[in-house]
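One structure is given below, encoded as C-alpha cells.
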Amino acid sequence: GENVEQHPSTLSVQEGDSAVIKCTYSDSASNYFPWYKQELGKRPQLIIDIRSNVGEKKDQRIAVTLNKTAKHFSLHITETQPEDSAVYFCAASHPTGGGNKLTFGTGTQLKVEL
Amino acid sequence: EADIYQTPRYLVIGTGKKITLECSQTMGHDKMYWYQQDPGMELHLIHYSYGVNSTEKGDLSSESTVSRIRTEHFPLTLESARPSHTSQYLCASRSGRNTEAFFGQGTRLTVV
C-alpha cells in the first residue's frame, strides 16, 4: 500500500520568512497530491493540490512542487503570517481495487512567531 | 447548503456500549472515508467506500464496521466500545479520484 512520509514534524519561523514542508510517497500509481491545513479544533481544509501531470502550482503565497521521478512533493509558504500557524498535512491519492484511497502524511505543526 | 455532517459532535460513553457515529453528505459524492485522529496528530484511514454497497478496510486496524446503503450516508459502528477507542473520528467525502476531499466537523469520542 501507499506510505506517505512528511518532514519536519514541527517548524517554527519568524513572520515574513518562508516555510517549506516536504513529503515523499511510495506508490508510483499515486496521481493526486493535496495539502490540507488544520487549525486547532477545526476540520482539515484543502489549501492547494497538484496532479501528477503538473510539476508546479502556485496560489498567491502558497506553492506546491512535484517530482514524480523522485516521488516527492513540497509545500512552500512565502511571507508567512501568524494566521498561517496550524498543522499541515500532505496526502497522496492512489487507485486500489475499485476505488481510491487517500493516504495522509504525519503532519507538520507550523508556528509563525512575531 | 451542501456540506458533510457528523453527529454527535461529542460523545462520552461507558465501556462495552454499542455506538454508531453518523456521517451524511449532501454533495452527491461517491467516495467516502473515515479517519481516526488524536488531536493535531496523524490522520489514520480506518474505512472507505467508493459507492453504494462497497466498503473497504483502511490502513489502521479497527474494531469498527461501516455500511453504505445510501450514497449520502456512511455510518460507523463500534459494537463494544473500549477506552482505547477514545479519539476523534473524521468523516470525509469526494466526487472523484483527483478531487478535493471535504471533511466533517468530527466526533470526539471518550470511552470511560
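Predicted model, so just to flag it, every value in this text is computed and none were measured. In what follows, every chain begins at residue 1, and chains take the letters A, B, ... in the order their sequences are listed.
With a 4.5 angstrom heavy-atom cutoff, B:R94 touches chain A only via side-chain atoms.
Of the listed residues (A:S52, A:P44, A:G107, A:P34), the greatest number of heavy-atom pairs within a distance under 4.5 Å of chain B belongs to A:P44.
Side-chain atoms of B:E100 and A:Y36, non-hydrogen and from C-beta on, do get closer than 4.5 Å to each other. Side chains of A:L102 and B:Y35 form a contact here, defined as non-hydrogen atoms less than 4.5 Å apart. Side-chain contact between A:R43 and B:I4: present, with at least one pair of heavy atoms (C-beta onward) separated by less than 4.5 Å.
Within 6.0 Å of CE on B:M27 lie more than 12 heavy atoms contributed by other residues, nucleotides or ligands. Around the CD atom of A:E79, the shell of radius 6.0 Å holds no more than 12 heavy atoms that belong to other residues, nucleotides or ligands. Within 6.0 Å of atom CD in A:Q60, 12 or fewer heavy atoms from other residues, nucleotides or ligands are found, so the atom counts as exposed in its surroundings.
Rounded to the nearest 0.5 angstrom, A:F89 CZ and B:E42 CD are separated by 8.0 Å. The distance from the CZ atom of A:F104 to the CG atom of B:L90 is 9.0 Å, given to the nearest 0.5 Å.
Of all heavy-atom pairs spanning B:T99 and A:R51, the tightest one is CA-NH2, 4.2 Å.
A single hydrophobic cluster is not seen to contain both B:V52 and B:L76; linkage of ILVMFWY side chains at heavy-atom distances under 4.5 Å, directly or through other members, places them apart. Connection of A:V54 to A:V64 is established within a shared hydrophobic cluster, with ILVMFWY side chains joined at heavy-atom distances below 4.5 Å, either directly or through further cluster members. By the criterion of side-chain heavy atoms lying less than 4.5 angstrom apart, applied directly or through intervening Ile, Leu, Val, Met, Phe, Trp or Tyr residues, A:I47 is grouped together with A:L11 in one hydrophobic cluster. A:V4 and A:V20 fall into different hydrophobic clusters, where Ile, Leu, Val, Met, Phe, Trp and Tyr residues are linked whenever their side-chain heavy atoms come under 4.5 Å apart, directly or through other members.
Using modelled atom types, no side-chain atom of B:Y33 and backbone atom of A:K101 make a donor-acceptor pair closer than 3.5 Å.
Looking only at atom types and distance, the side chain of A:Q38 has a donor-acceptor partner in the side chain of B:Q37 under 3.5 Å away.
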